[in-house]
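Below is one structure; the comments refer to it alone.
One-based numbering along the sequence shown. In what follows, every heavy atom counts, from backbone to side chain, and hydrogens, waters and symmetry copies are set aside.
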Amino acid sequence: MSAEIIAIVVSAVGVVVALGAALFAGFTWILRRMDERIDGLDVKLTARIDTVEEKLGARIDTVEEKLGARIDTLTGEVTGVKIAIARLEGPPRHLVPAHH
């Protein structure tokens, strides 16, 4: 082998190694940057989910209170209707004459 061929092979290997190192460094940089962005989004998303959860919990609590009050009112009204129907029907007859 001549010196020129050895120099070409060595320079080709050097170029391949340099390109490989550059690609590796580039992918490492991209992955690190993506991880940082995902971590930032994770923090923002967690905070947003927490606020939505608090708002939804408060809203459910108010709906539960209103519904409980309405059910209590409805129970009183149903009791009143039952009493009114019982008054319309009158007292039950105790002595029913038998017809022969």
Side-chain angles (χ1 to χ4, degrees):
M1 293 183 120
S2 68
E4 288 113 11
I5 293 176
I6 293 174
I8 291 172
V9 170
V10 169
S11 65
V13 169
V15 167
V16 169
V17 169
L19 288 175
L23 285 173
F24 178 75
F27 284 134
T28 303
W29 177 76
I30 287 173
L31 289 175
R32 188 176 306 128
R33 187 153 183 223
M34 286 175 55
D35 285 344
E36 289 171 1
R37 290 187 82 185
I38 288 173
D39 290 343
L41 287 175
D42 187 34
V43 169
K44 288 179 184 177
L45 188 59
T46 301
R48 192 168 181 184
I49 288 173
D50 289 343
T51 57
V52 168
E53 184 179 4
E54 289 173 8
K55 288 179 183 177
L56 188 59
R59 194 169 179 187
I60 288 173
D61 290 342
T62 57
V63 168
E64 183 180 4
E65 290 172 4
K66 289 179 182 177
L67 187 59
R70 288 178 76 178
I71 289 174
D72 291 342
T73 303
L74 186 60
T75 302
E77 290 177 5
V78 168
T79 303
V81 169
K82 287 166 60 175
I83 292 171
I85 290 173
R87 287 183 181 153
L88 287 175
E89 291 177 352
R93 295 184 177 178
H94 296 289
L95 298 174
V96 179
H99 295 280
H100 295 290

What pairs of donor and acceptor atoms, side-chain ones from residues 59-67 against any protein atom, are under 3.5 angstrom apart with sequence neighbours left out?
{"unit_1": "T62", "atom_1": "OG1", "unit_2": "A58", "atom_2": "O", "d": "3.4"}
{"unit_1": "T62", "atom_1": "OG1", "unit_2": "R59", "atom_2": "O", "d": "2.7"}

Would you mind writing out the side-chain donor-acceptor pairs for residues 5-20 within the sub-3.5 Å range, not counting sequence neighbours?
{"unit_1": "S11", "atom_1": "OG", "unit_2": "A7", "atom_2": "O", "d": "3.0"}
{"unit_1": "S11", "atom_1": "OG", "unit_2": "I8", "atom_2": "O", "d": "2.9"}

**Item:** Approximate separation, where rounding is to 0.5 Å, of T46 OG1 and R48 CZ
**Value:** 12.5 Å
**Request:** Enter the distance from D35:CG to I30:CD1 here, rounded to the nearest 0.5 Å.
**Result:** 12.0 Å
